[in-house]
Amino acid sequence: MPLIRVLLFAAVRDAAGESSLELALPGPITAGAVSKELANQLPAAGDLIRVSRIAVNGSYVADEHEIDVSHDEVALIPPVSGG
Amino acid sequence: MPLIRVLLFAAVRDAAGESSLELALPGPITAGAVSKELANQLPAAGDLIRVSRIAVNGSYVADEHEIDVSHDEVALIPPVSGG
Amino acid sequence: MQTIQLVNQPIDPAKWAHCLHDIDTGSHLWFSGVTRRKTTDSSGQTTVTRTLHYEAYAEMAIEQLERLAKDARLRFELSGVVIIHRLGEVPLGEASVLVGCSSAHRKSSFEAVPWIMYRLKADVPIWKRETFEDSSTQWIHP
Amino acid sequence: MQTIQLVNQPIDPAKWAHCLHDIDTGSHLWFSGVTRRKTTDSSGQTTVTRTLHYEAYAEMAIEQLERLAKDARLRFELSGVVIIHRLGEVPLGEASVLVGCSSAHRKSSFEAVPWIMYRLKADVPIWKRETFEDSSTQWIHP
């Protein structure tokens, strides 16, 4: 199964204890599948992950968006609070 | 007849060639009467004077406001354009 | 707290920043009204300004601005209000007016500053004389 | 013209003022979002903040802010846009964000700055961690 690295931030990063996680998922990998697998692996942050968005190469994508494992930078973006 | 001094500003002052005018008006003098007399004396600025307001001691007053000739500071305020 | 002043020199916003300082405000908003070179009217005609002069009925202007600032503080629950208006010549690119508001949340400042400018332009006895490109001048009485 | 930056030092508005300079604009509006000590929630409960820390997904935050500034310039016919966000610790009374807009007339700036702040708070990947009076901390995920 292809491996995919996902960048983590804020409370999700704290829950993981790391700034990124590598997930093994059956291809083709969608943004929604990444989200779901993260929530499985980090149950303590499950509620927060379910309201987070996935960004690919700096843009938000929909759940059905297919990820190019070899080129894309993938990040989980919990609800933001800048400003 | 009591004499009343009226401060003038901007285009009205330029039309009068002076920063104030003294008017002789039969008492009791109202703000509306001051306006009307100024428009008579400065016909070149008549239209502007008719859309101007009278201020007494730093506050706008209505036409029927009675002026205390011995104590009040009276000014004709043409439409303002600060900012 | 409110700070009202008529000045004859260039307005330096940095000089007035401390007037809004308050550890319980989260929002500071500063508006500068600046002398603009070109004005295009509704018919698409462009006039070019060379410079502006401002004159005030100073005592009344101060009194009106103090009242305006007090009204704004109550109406929008502001912590601080600053209104500085420059008089005399205000060359192109320089500010004729500076309005600052601070509040706990940004909504109040965002509402208060436009309201203050609207009221200032309607009621405060200050007048602008425009000098055009061809050196002709005109008092602005809108 | 637009100026976007993430910084780790105090934001000095005077440093960015020149970014809005344009002789054909009549309106400059600057918003500073400042770390506030007290927050009162809808039930009237007050919490006291000791300090804030901000973290960003920097590459994406810059990209989103550049896009946001470009959208704002088109939508509101702005001449200039400045968005500066501070990261790391932002102590009480200091600014975490500075947004500036310039336009020919004030209406555009008055509409643009609140719109930029609204969009920034909805979409730009920056997060705030609050440290309370009792030293407990919490990431803010609204």
Side-chain angles (χ1 to χ4, degrees), chain C residues 11-18 20-40 46 48-52 77 79-80 90-118 120-121 128, chain D residues 11-18 20-40 46 48-52 77 79-80 90-118 120-121 128:
Chain C
I11 298 173
D12 176 8
K15 183 183 162 187
W16 306 99
H18 74 276
L20 294 190
H21 198 80
D22 170 348
I23 216 161
D24 291 321
T25 62
S27 167
H28 296 188
L29 190 65
W30 290 97
F31 168 75
S32 296
V34 173
T35 299
R36 193 181 58 234
R37 183 176 49 177
K38 289 185 194 162
T39 296
T40 305
T46 296
V48 174
T49 301
R50 177 178 291 174
T51 194
L52 296 180
E77 298 186 47
S79 163
V90 181
L92 293 182
E94 298 190 15
S96 52
V97 67
L98 174 71
V99 174
C101 290
S102 62
S103 51
H105 301 280
R106 68 190 195 283
K107 185 168 179 290
S108 302
S109 316
F110 285 158
E111 289 175 355
V113 173
W115 184 85
I116 288 172
M117 282 306 301
Y118 175 80
L120 185 155
K121 283 177 171 273
K128 171 161 66 187
Chain D
I11 298 173
D12 176 8
K15 183 183 162 186
W16 306 99
H18 73 275
L20 293 190
H21 198 81
D22 170 349
I23 214 161
D24 291 320
T25 62
S27 166
H28 296 189
L29 190 65
W30 292 96
F31 169 75
S32 297
V34 173
T35 301
R36 191 181 57 232
R37 183 176 49 176
K38 289 187 195 161
T39 297
T40 304
T46 295
V48 174
T49 300
R50 178 178 293 172
T51 194
L52 295 180
E77 300 184 48
S79 162
V90 181
L92 295 182
E94 297 190 15
S96 51
V97 67
L98 175 71
V99 173
C101 289
S102 61
S103 51
H105 301 278
R106 68 190 196 283
K107 185 168 180 288
S108 302
S109 314
F110 285 157
E111 289 175 354
V113 172
W115 184 86
I116 288 173
M117 282 306 301
Y118 175 80
L120 184 155
K121 284 176 169 273
K128 169 161 68 184

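In what follows, chains are A, B, ... by sequence order, proteins preceding strands, each numbered from 1.
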Output for pair (D:Lys107 NZ, C:Tyr118 OH), nearest 0.5 Å, gives 14.0 Å
Pair count under 4.5 Å, heavy atoms only, with chain D: among C:Ser109, C:Ala14, C:Ala104, highest is C:Ala104
Side chain to side chain contact (heavy atoms under 4.5 Å, CB included) filter on C:Thr39, not counting sequence neighbours, yields C:Arg36, C:Thr47
If one checks every heavy atom of D:Pro13 against chain C at 4.5 Å, the contacting part turns out to be neither
Scored by heavy-atom pairs under 4.5 Å with chain C, the best of D:His105, D:Met117, D:Arg106 is D:Arg106
Applying ring pair (Phe, Tyr, Trp, His ring centres under 6.0 Å) to C:Trp115 and not counting sequence neighbours gives C:Phe76
Residues of residues 90-100 of chain C with a heavy atom under 4.5 Å from any heavy atom of chain D, in residue-number order, are C:Leu92, C:Gly93
Under a 4.5 Å heavy-atom criterion, the part of residues 20-31 of chain C in contact with chain D comprises C:His21, C:Ile23, C:Asp24, C:Thr25, C:Gly26, C:Ser27, C:His28, C:Leu29, C:Trp30, C:Phe31
